[in-house]
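Values below: every heavy atom of this structure, side chains too, minus hydrogens, waters and symmetry copies. Read the numbers this way: they start at 1 and go in the same order the structure lists the ligands and their atoms.
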Amino acid sequence: MRALVTGGAGFLGSHLCDALLGDGYHVIAVDNLLTGRHDNIAHLASDPRFEFLEADVCASFDCGSVDYVYHFASPASPVDYMIHGVETLQVGSIGTFNALECARRHRAKFFLASTSECYGDPAVHPQKETYWGNVNPIGPRSVYDEAKRFSEAATMAYLRYHKVDTHIVRIFNTYGPRMQVNDGRVIPNFMKQALSGEDLTVFGDGKQTRSFCYVADEIDGILRLARSDEHDPTNIGNPVEFTMLECAEKVLEITGSKSKIRFEPLPQDDPKQRRPDITKARKLLGWEPKVDLLTGLRLSLDYFIPAVAKNAAVARAR
Ligand code: NAD
Ligand code: UDP
């Protein structure tokens, strides 16, 4: 069995490659390294069942016959997708069509990495899959939110019109080893700041909430969904909700840092609350997360300590 993973050199994509290789797949990772890194897949270089193709999925690419297409390519951090706004819209639209066409051509199954951002700044809490969301279609986050909503629509169209066997996961904030130290998401930011003795930058009053899922739990949920017969979107995330102030305190606790908290302006359209309703995943997949935030942060620390030191050394050398 051969699986294609677009975005395979990214944070989640690289963990997915590991898991698929562990399941006995031959894996082809396609990535243009826009926000991903060779380092994330360096440990796979000598595995004969792993291939890496440096390519943009918005251009035509050929990876031969495959049995499964996992479409994970897309900037995911708000900082990244606001810098690469047009590329984010392109990979969500043209890139998704190319990945879907690849699945259709090879009669392969298709799996879309979608997002809780489809719910926007949600008026319904917690978010169930049946909620249609509250997205600003022209705001700064729209390059990501609308690209992902479009990619869900395209995926459902290939199921309905072309009978491709498709699956859609709505991923809620996931963290862990291999996140870029500088990608701007809250956990890498707080880790970098705490480990460098800098102030932790809490945006707004810090009372906005997120629910953080450790990467191993997320990948487990994704693989269970990929093996299921479910076609409609399914939330996979941790339902335990924290304010950003609580998150900052947890990072200070596990790093033992003496850093202070500094408040900075809240970015436009920043969702005020986010927590997945995972009733569907529990019933359908028998899945629920096992790793709580403190444990997951501790597991991530072994990665962040050397990664932050390396990042500082690179910055000094510039
Ligand atoms: P990431 O930035 O680490 O990985 C994305 C990868 O896609 C990178 O390696 C990047 O180089 C690659 N890529 C981007 N555009 C490409 C293109 N045109 N062609 C080929 N490769 C391209 O981000 P991540 O956190 O690993 O996210 C992976 C996927 O999961 C994304 O689709 C994202 O929307 C989704 N997701 C992630 C989270 C999360 O919390 N991590 C939450 C919701 C959704
Ligand atoms: N955030 C913060 N400080 C930071 C980075 C982010 O307070 O240094 C906040 C951000 O405003 C948001 C939450 O943390 O409310 C999660 O942000 P992230 O970029 O990780 O992901 P999002 O869930 O917004 O996509």
Side-chain angles (χ1 to χ4, degrees), residues 5-16 29-38 40-41 53-59 61 70-82 84 87-96 98-99 112-118 121 141 144-145 147-148 151 169-176 178-180 183-193 198-213 215 218-219 222 235-238 242-245 247-248 251 261-274 276:
V5 179
T6 77
F11 161 52
L12 287 180
S14 64
H15 284 282
L16 179 62
V30 179
D31 201 301
N32 66 352
L33 303 178
L34 181 68
T35 57
R37 292 172 302 143
H38 271 300
N40 289 341
I41 48 171
L53 180 63
E54 186 171 337
D56 184 341
V57 293
C58 298
F61 61 92
Y70 289 88
H71 183 39
F72 277 60
S74 170
S77 138
V79 169
D80 283 343
Y81 63 68
M82 287 192 218
H84 302 293
E87 291 90 337
T88 303
L89 282 163
Q90 285 173 334
V91 74
S93 53
I94 303 162
T96 301
N98 285 345
L112 175 70
S114 186
T115 169
S116 52
E117 280 285 321
C118 288
D121 187 6
R141 296 175 87 102
Y144 183 66
D145 299 10
K148 287 290 181 180
S151 64
V169 63
R170 290 194 181 137
I171 301 169
F172 283 65
N173 298 65
T174 300
Y175 69 98
R178 300 189 196 153
M179 292 187 95
Q180 297 175 72
D183 89 356
R185 284 183 273 192
V186 67
I187 288 186
N189 252 15
F190 285 173
M191 282 283 197
K192 179 180 68 177
Q193 291 161 341
E198 295 166 10
D199 292 348
L200 270 58
T201 52
V202 170
F203 298 163
D205 60 9
K207 290 188 182 140
Q208 71 273 33
T209 65
R210 295 294 186 273
S211 310
F212 297 102
C213 190
V215 61
E218 187 68 41
I219 297 291
I222 283 171
N235 292 338
I236 297 286
N238 192 312
F242 293 92
T243 67
M244 291 311 99
L245 266 178
C247 176
V251 171
I261 286 172
R262 187 174 81 236
F263 291 92
E264 291 201 348
L266 190 67
Q268 188 188 331
D269 295 341
D270 197 283
K272 284 181 271 310
Q273 52 184 0
R274 184 181 291 154

Side chain, backbone, both or neither: the part of Tyr175 lying under 4.0 Å from ligand 1 by heavy atom
neither

Can you find an N/O atom of Thr115 closer than 3.5 Å to an N/O atom of ligand 1?
no

Nitrogen or oxygen atoms of Val30 and ligand 1 under 3.5 Å apart
no

Ligand 1 to Leu33, heavy atom cutoff 4.0 Å, flagged ligand atoms 11 (O)

N or O pair under 3.5 Å between Ala73 and ligand 1:
no

Interfacing atoms of ligand 1 (cut-off 4.0 Å, heavy-atom, Gly36):
8 (C), 9 (O), 10 (C), 11 (O)

Atom indices of ligand 1, in the order listed, that fall short of 4.0 Å to a heavy atom of Leu12:
26 (O), 30 (O), 37 (C), 41 (N)

What protein heavy atom sits nearest atom 15 (N) of ligand 1, and how far away is it?
Asn32 OD1, 3.7 Å

Report the part of Ser116 in contact with ligand 1, treating N, CA, C, O as backbone and CB onward as side chain, heavy atoms under 4.0 Å; options are side chain, backbone, both, neither.
neither

Using heavy atoms and a threshold below 4.0 Å, how should the contact between Asp270 and ligand 2 be classified: side chain, backbone, both, or neither?
side chain

Relative to the heavy atoms of Ala76, which atoms of ligand 1 are at a distance of less than 4.0 Å?
23 (O), 24 (P), 25 (O), 27 (O), 33 (C)

Which atoms from ligand 1 have a heavy atom of Asp56 less than 4.0 Å away?
17 (C), 18 (N), 19 (N)

Suppose I only count heavy atoms of Gly7 and a 4.0 Å limit; which atoms of ligand 1 are within that range?
6 (C), 7 (O), 12 (C)

Closest to atom 43 (C) of ligand 1 among protein heavy atoms sits Ile171 O, 3.2 Å

Closest by any non-hydrogen atom to atom 33 (C) of ligand 1: pick that one out of Phe72, Tyr70, Tyr144, Phe11.
Tyr144

Under 4.0 Å, heavy-atom basis, I'd like to know which part of Ile187 is in contact with ligand 2: side chain, backbone, both or neither.
neither

Among Gln208, Lys272, Arg141, which one satisfies side chain to side chain contact (heavy atoms under 4.5 Å, CB included) with Asp121?
Lys272

Part of Ser114 with heavy atoms under 4.0 Å of ligand 1, whether side chain, backbone, both or neither:
backbone

Can you tell me if Ser116 and Arg170 form a side-chain donor-acceptor pair at under 3.5 Å?
no

Using a 4.0 Å heavy-atom threshold (strictly under), name the region of Arg185 that reaches ligand 1: side chain, backbone, both or neither.
side chain

Consider every N or O of Lys148 and every N or O of ligand 1, then say whether any pair is closer than 3.5 Å.
yes

Is the closest side-chain donor-acceptor distance between Thr201 and Gln193 under 3.5 Å?
yes

Examine the proximity of ligand 2 to Arg274 and report which part, side chain or backbone, both or neither, has a heavy atom under 4.0 Å away.
side chain

Considering only protein heavy atoms, which is closest to atom 17 (O) of ligand 2, and at what distance to one decimal place?
Val186 CB, 4.1 Å

Please identify which atoms of ligand 1 are closer than 4.0 Å to at least one heavy atom of Asn173.
40 (O)

Closest to atom 24 (O) of ligand 2 (judged by heavy-atom distance), picking from Gln208, Glu117, Arg141, Arg185
Arg141

